Amino acid sequence: MEKMTGIKQTARQRGISMLKALLCAYIVTGILLLALTLLLYKAGLSEENVNAGILLIYAVSTFSGGFVIGKLTGARKFLWGLLTGSVYFALLVLISLGIYHTLQGAPTETAAAFVLCAGGGMLGGMIS
């Protein structure tokens with residue numbers, strides 16, 4: 001096998017860093033969604049509270065993903081965090097389209113979710 005050049009190796013390392021950050025974000029999402037489910041079951045939360053909780057989970061999850069990628073890349077952290085949040089949102093949309101064959105919710109809710117995902121990732125990257 002040939003040794004990879006510096007540019008290709010950096011691209012590969014950054015791709016792996018992105019996958020690690022997204023994995024972290026989705027693990028946090030899973031844990032927090034389980035906690036929200038428990039709260040819904042025990043406390044009988046209203047639909048508005050559940051929707052607000054889901055948006056908060058998106059923000060916290062992308063913050064953690066942005067923080068991880070900021071630590072792993074070390075340069076242009078806010079851009080990598082923004083990219084992580086945007087990819088996280090894109091994957092959510094693709095999963096939603098795959099399951100429901102349409103986007104759920106109003107366009108304003110979808111836009112708000114994108115802003116929270118992208119902003120959470122960017123903030124996590126900046127703080128890292």
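Just so we're clear, the structure is a prediction, and the values are computed from it rather than from any experiment.
- If you take CG on Leu45 and CG on Asn51, they are separated by 11.0 Å, rounding to the nearest 0.5 Å.
- Of the inter-residue distances, the one linking Leu83 atom CG with Ile69 atom CD1 reads 7.0 Å to the nearest 0.5 angstrom.
- Rounded to the nearest 0.5 Å, atoms CG (Leu92) and CG (Leu97) are 11.0 Å apart.
- In terms of heavy-atom proximity, Thr62 sits nearest to Gly85 at CG2-CA, 4.1 Å.
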Name each donor-acceptor pair under 3.5 Å that joins a side chain in residues 15-23 to protein atoms two or more places apart or in another chain, with its distance.
{"unit_1": "Ser17", "atom_1": "OG", "unit_2": "Gln13", "atom_2": "O", "d": "3.0"}

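- Linking Ile, Leu, Val, Met, Phe, Trp and Tyr residues whenever their side-chain heavy atoms come within less than 4.5 Å leaves Phe114 and Leu116 in two separate clusters.
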With a cut-off of 3.5 Å and sequence neighbours excluded, list every side-chain donor-acceptor pair involving residues 29-37.
{"unit_1": "Thr29", "atom_1": "OG1", "unit_2": "Ala25", "atom_2": "O", "d": "2.8"}
{"unit_1": "Thr29", "atom_1": "OG1", "unit_2": "Ser61", "atom_2": "OG", "d": "2.8"}
{"unit_1": "Thr29", "atom_1": "OG1", "unit_2": "Tyr88", "atom_2": "OH", "d": "2.6"}
{"unit_1": "Thr37", "atom_1": "OG1", "unit_2": "Leu33", "atom_2": "O", "d": "2.7"}

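- Of all heavy-atom pairs spanning Ser128 and Lys71, the tightest one is OG-N, 3.6 Å.
- The ring pair (Phe, Tyr, Trp, His ring centres under 6.0 Å) analysis of residues 30-82, with sequence neighbours excluded, yields no pairs.
- Residues Phe89 and Val115 are not in side-chain contact: their nearest non-hydrogen atoms beyond the backbone lie 4.5 Å or more apart.
- To the nearest 0.5 Å, atom CZ of residue Arg14 and atom CG of residue Leu72 are 11.5 Å apart.
- Separating the CG atom in Leu79 from the CE atom in Met122 is a distance of 9.0 Å, to the nearest 0.5 Å.
- Clustering ILVMFWY residues whenever any of their side-chain heavy atoms sit less than 4.5 angstrom apart, transitively, puts Val60 in a cluster other than the one holding Ile27.
- Atoms CG and CE, from Leu82 and Met126 in turn, are 10.0 Å apart once rounded to the nearest 0.5 Å.
- The minimum heavy-atom distance linking Val28 with Ser64 is given by the pair CG2-OG, 3.6 Å.
- When hydrophobic clusters are built by joining Ile, Leu, Val, Met, Phe, Trp and Tyr residues whose side-chain heavy atoms come closer than 4.5 Å, directly or via intermediates, Ile95 is grouped together with Tyr100.
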